[in-house]
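Below is one structure, written out as structure tokens, with a few remarks after it.
Letters A, B, ... are given to chains in the order of the sequence lines, protein chains preceding strands, and every chain is numbered from 1.
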There are 2 protein chains.
Amino acid sequence: MGMQNKRILVVEDEAPIRDMLRFALERADFRISLAGDVPEARLRIAESRPDLILLDWMMPGVSGIEFTRELKTGPMTKDIPIIMVTARAEEEDTVRGLNVGCDDYISKPFSFPELTARIQAVLRRTLPGGEEEQLAVAGLQVDAASQRVTAKGEPVRLGPTEYRLLHFFVSHPERVYTREQVLDRVWGQNVYVEERTVDVHIRRLRKALAPHGYDAMIQTVRGTGYRFSEKV
Amino acid sequence: MGMQNKRILVVEDEAPIRDMLRFALERADFRISLAGDVPEARLRIAESRPDLILLDWMMPGVSGIEFTRELKTGPMTKDIPIIMVTARAEEEDTVRGLNVGCDDYISKPFSFPELTARIQAVLRRTLPGGEEEQLAVAGLQVDAASQRVTAKGEPVRLGPTEYRLLHFFVSHPERVYTREQVLDRVWGQNVYVEERTVDVHIRRLRKALAPHGYDAMIQTVRGTGYRFSEKV
DNA sequence: TGGAATATGTCAGCTGGATTACACCGCAAG
DNA sequence: CTTGCGGTGTAATCCAGCTGACATATTCCA
């Protein structure tokens, strides 16, 4: 299922540790992004929202506290759980960090089983689809929390795959995707299904949206793939 | 802020460690009660309800596990978060294997920053809760004080687990939860139960609600989990 | 205290909706 | 007109969730 491997953003200034973490976490079946400092971390988050952030507390430049506060304040990022990584005996930072809103804490040196256990525990506590992700385009509303779609208030009945497909399109509008790209993003990377299967689900999605007049937003780009667009 | 000044009950048979903990935790601005064994701990709890219990699991007499179970069963004490203190990391796994409902673990030797951090984290996530409420959705009334449920006045017969399940759903409507999340929130954080068990209790809950016509509010979201919703 | 009633968790087989592949059709572009 | 791409209906397959039964734990009450 495409549900698994969560994205984890590792923010750590020391390259060797970063690589070690990447290795260990990839083995534990997570998808990893890396950032060496806070500005780079901001970039990575903007690219795609991670499900969890592993944040080294002691870094040159912007401190972990400031960055945590920044993240916990931003409406898009405030629900991303943060685990802070500190060296031992930094009591001050630890207490302050937890007050700022870190979700857990782990101190170097730590064992990988412990790290993955903490990550799993934190992920288990958080809710699917982030807290209040509310996508809406021209009266078409996709509510991630309840996994429901409404068109001008009217509920739209969708199967799981159609829901994921629509969710993907609504969050990536005005851009053409090939069938292969759609399969990658909606079905998951290591799944082999016929490309034409996308057609079938596109059709079903259009069919479900048609009574509400939204089917025209799923547009065919002949020779390439599909595009979600408000414009006709 | 409000996090400090919380009452912590330390249950630990070795006096030196007890004193050390008291010193460290008082410096971290907690109010501390001490108990050298389980009977004494019962007394302290009766005196005044602590906000958190730090419990050594290797003690003469009643073991930490038994005591945890006792606390988690009692209606007055079941909401007090418990952090279990174990001698070694391996024992953590042993303890974890048993179905004890404690909220976190820490293994000796630990640093004080780590201890306070864990305490903060546990308090943070268990902070909201414990109050009695009167929940009602569309004629379905859940009375927390008496643990009774009525549907349009008619009493609904529910087992304890079904009651907690319904209470959880009614207080978190319009949102999908995975089985894992339901287990975490309804059964407790470190209780290991098969995910399929959720299905069974969902079914029992639906069965109990069916005669009153409320079973449709417990909705299956295929591929994800369940949702409680007023809407069809 | 002992036995009945109730509650809980696990399992395995079942079932129907969801997913997928495939074959055929229609139409747009060149 | 022809070519090939995308649309559509259908049928096979699959799998998530449903269900009933059972074993065990807990509570209740005589």
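- Scored by the salt bridge (Lys or Arg N to Asp or Glu O under 4.0 Å) test, B:Glu154 finds no partners at all (sequence neighbours excluded).
- Per the geometry, CZ belonging to B:Arg203 stands 15 Å off C1' belonging to C:dA7, to the nearest Å.
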Verify salt bridge (charged side-chain N to carboxylate O under 4.0 Å, His left out) between A:Asp103 and A:Lys72, making sure each step is shown before the conclusion. CA-CA 11 Å; A:Asp103 296 80; A:Lys72 288 295 174 185; 3.3 Å; yes
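- Distance CG (B:Asp199) to P (C:dC14): 18 Å, rounded to an integer number of Å.
- Here B:Glu40 pairs with B:Arg44 under the side-chain hydrogen bond (donor to acceptor under 3.5 Å, both in side chains) rule; sequence neighbours left out.
- Per the geometry, CH2 belonging to B:Trp187 stands 13 Å off C1' belonging to C:dT10, to the nearest Å.
- Qualifying side-chain hydrogen bond (donor to acceptor under 3.5 Å, both in side chains) partners for B:Asp184, counting only residues two or more places apart in sequence or in other chains: A:Arg124.
- With sequence neighbours excluded, the residues that form a side-chain hydrogen bond (donor to acceptor under 3.5 Å, both in side chains) with B:Ser33 are B:Arg7.
- Atom pair A:Arg179:CZ and D:dG4:C1' shows a separation of 12 Å (rounding to whole Å applied).
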Which side-chain N or O atoms in residues 203-217 of chain A pair as donor and acceptor under 3.5 Å with protein atoms at least two apart or in another chain?
{"residue": "A:Arg206", "atom": "NE", "partner": "A:Ile218", "partner atom": "O", "Å": "3.2"}
{"residue": "A:Arg206", "atom": "NH2", "partner": "A:Ile218", "partner atom": "O", "Å": "3.0"}
{"residue": "A:Arg206", "atom": "NH2", "partner": "A:Thr220", "partner atom": "OG1", "Å": "2.7"}
{"residue": "A:Tyr214", "atom": "OH", "partner": "A:Ala138", "partner atom": "O", "Å": "2.7"}

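- Listed by chain and residue number, nothing satisfies the side-chain hydrogen bond (donor to acceptor under 3.5 Å, both in side chains) test with B:Arg148 (two or more places apart in sequence, or in another chain).
- B:Val221 comes within 4.0 angstrom of sugar-phosphate atoms only, judged by non-hydrogen atoms across all strands, and of no base.
- We find that B:Arg18 and B:Asp13 are not joined by a salt bridge, their nearest charged nitrogen and carboxylate oxygen being 4.0 Å or further apart.
- The overall bend of the helix from C:dT1-D:dA30 to C:dG30-D:dC1, read as the angle between its terminal helix axes built from five base pairs each, is 30° when rounded to 10 degrees.
- Listed pair A:Thr220 / D:dG7 meets the phosphate criterion, a side-chain N or O lying under 4.0 Å from OP1 or OP2.
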Taking only nitrogen or oxygen atoms into account, show me every contact under 3.5 Å that the protein makes with nucleotides 22-27 of chain D, one pair per line with its distance.
none

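- Judged as a salt bridge (Lys or Arg N to Asp or Glu O under 4.0 Å), and not counting sequence neighbours, A:Glu180 has no contacts.
- A search for salt bridge (Lys or Arg N to Asp or Glu O under 4.0 Å) contacts involving B:Glu195 returns nothing, not counting sequence neighbours.
- In this structure, the CD atom of B:Gln219 is 17 Å from the P atom of C:dG17, given to the nearest Å.
- OP1 or OP2 of C:dT19 has at least one side-chain nitrogen or oxygen of A:Thr161 nearer than 4.0 Å.
- When distances are taken from the side chain of A:Pro160 to each of C:dT19, D:dT19, C:dG9, the shortest belongs to C:dT19.
- Backbone-only contact: A:Tyr226 has heavy atoms under 4.0 Å from sugar-phosphate atoms and none from a base.
- The salt bridge (Lys or Arg N to Asp or Glu O under 4.0 Å) check on A:Arg196 picks up A:Asp199, with sequence neighbours excluded.
- Rounded to an integer number of Å, the gap from B:Lys207 NZ to D:dA21 P is 9 Å.
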Polar-atom pairs under 3.5 Å, protein N or O versus N or O of nucleotides 21-28 of chain C: list them with distances, or write none.
{"residue": "C:dA21", "atom": "OP1", "partner": "A:Glu194", "partner atom": "N", "Å": "3.3"}
{"residue": "C:dA21", "atom": "OP2", "partner": "A:Glu194", "partner atom": "N", "Å": "2.9"}
{"residue": "C:dA21", "atom": "OP2", "partner": "A:Thr197", "partner atom": "OG1", "Å": "2.4"}

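- The interatomic distance linking A:Leu205 (CG) with C:dA18 (P) rounds to 14 Å, in whole Å.
- For the pair B:Arg164 (side chain) and B:Val186 (backbone), a donor-acceptor distance under 3.5 Å is present.
- Remark: B:His201 is in phosphate contact with C:dG9, judged by side-chain N or O atoms under 4.0 Å from OP1 or OP2.
- Taking atom CG of residue A:Leu183 and atom C1' of nucleotide C:dT20, one finds them 12 Å apart after rounding to whole Å.
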